[in-house]
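Heads up: the structure comes next, in structure tokens.
Because the structure is a prediction, the values reported are computed rather than measured.
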Amino acid sequence: MKIIDSDFSNHIIKSVQKDLGNIFFFNHIAVVEFNEGVHVDINNSAEIFDEINAYFGTAKPFGVIANRVNSYSIKLLDVDLFREKVKNLCSYGVVSHNLAGKMNAEIESLFCLSEKICFDSIPDAINTVYSKVKNSTFFSLN
């Protein structure tokens with residue numbers, strides 16, 4: 001299910017369409033839906049990071065959810081380089097809608113710092129990612 005078709009669609013503050021896919025911005029979360037067949041690496045993802053940094057800035061904690069409604073690939077060896085571009089990212093999740101997407105998310109989780117990144121539904125992903133962002137925000141204020 002696309003985020004625009006979910007119960008969360010009325011909470012979208014901003015949406016942006018880019019060559020790699022669409023980004024939907026909420027208060028503390030960005031949901032990315034990559035296009036079918038794209039390959040995401042550090043060389044072609046600058047526009048995604050530019051949009052995310054323009055929206056959240058460099059200090060506000062936030063989370064990203066990849067809603068895997070399409071099949072795409074990510075260069076996992078670039079994960080550390082991705083992290084360097086968004087230093088205030090404090091939570092990440094992947095919503096998988098089929099077995100292949102779930103297997104890809106499990107492999108992707110091996111390269112991530114987060115405990116659990118794979119979710120079966122948008123509500124589960126949003127609730128978990130938002131909770132981690134919220135806890136990070138409270139921690140940073142003390």
Would you say the side chain of [Y] lies within less than 4.5 Å of the side chain of [X], judging by non-hydrogen atoms?
X	Y	result
Asp5	Lys2	yes
Ile122	Ile3	yes
Val31	Ile29	yes
Val129	Tyr92	no
Phe119	Val94	no
Phe8	Ile126	yes
Phe24	Lys14	no

Kindly determine whether Val16 and Tyr55 satisfy side-chain contact (heavy atoms from CB on, under 4.5 Å), including the steps that lead there.
CA-CA 11 Å; Val16 179; Tyr55 187 81; over 6 Å; no

What pairs of donor and acceptor atoms, side-chain ones from residues 56-71 against any protein atom, are under 3.5 angstrom apart with sequence neighbours left out?
from  : atom 1 : to    : atom 2 : distance (Å)
Lys60 : NZ     : Asn27 : O      : 2.9
Asn67 : OD1    : His97 : NE2    : 2.7
Asn67 : ND2    : Met1  : O      : 2.9
Asn67 : ND2    : Glu33 : OE2    : 2.8
Arg68 : NH1    : Tyr72 : O      : 3.2
Asn70 : ND2    : Phe34 : O      : 2.9

If I take atom [atom1] from residue [X] and atom [atom2] from residue [Y], how far apart are they, to the nearest 0.5 angstrom?
X	Y	atom1	atom2	result
Glu51	Ser15	CD	OG	10.5 Å
His11	Ser6	NE2	OG	9.0 Å
Ile52	Asn88	CD1	CG	10.0 Å

According to side-chain hydrogen bond (donor to acceptor under 3.5 Å, both in side chains), who are the partners of [X], at least two apart in sequence or on a separate chain?
X	result
Asn127	none
Asp80	Arg83
Glu84	Lys87

Contact summary for [X] and [Y], nearest pair of heavy atoms:
X	Y	value
Lys18	Asn35	O-ND2, 4.0 Å
Lys75	Phe82	O-CE1, 4.1 Å
His28	Tyr130	CD2-CE1, 3.7 Å
Ala125	Val95	CB-CG2, 3.5 Å

For residues 37-48, run the donor-acceptor check on the side chains, cut-off 3.5 Å, and write out each pair with its distance to 0.1 Å, sequence neighbours left out.
from  : atom 1 : to    : atom 2 : distance (Å)
His39 : ND1    : Ser73 : OG     : 2.6
Asp41 : OD1    : Asn43 : N      : 2.9
Asp41 : OD1    : Asn44 : N      : 3.0
Asn44 : OD1    : Asp41 : N      : 2.9
Asn44 : ND2    : His39 : O      : 2.6
Ser45 : OG     : Asp41 : O      : 2.7
Glu47 : OE2    : Asp19 : N      : 2.9

Just by modelled atom types, is the Ser96 backbone N or O under 3.5 Å from a matching donor or acceptor in the Asp120 side chain?
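Not at all, since once roles are kept as given, no pair shorter than 3.5 Å links the two residues.
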
Remaining members of Met103's ILVMFWY cluster at a side-chain heavy-atom cut-off under 4.5 Å?
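Leu99, which link up through side-chain heavy atoms under 4.5 Å apart, make up the rest of the cluster.
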
Whether over 12 other heavy atoms sit under 6.0 Å from Lys102 NZ
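Result for NZ/Lys102: enclosed.
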
Check this for me: Gln17, atom CD, are more than 12 non-hydrogen atoms of other residues, nucleotides or ligands nearer than 6.0 Å?
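Check fails, neighbour count at 12 or below.
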
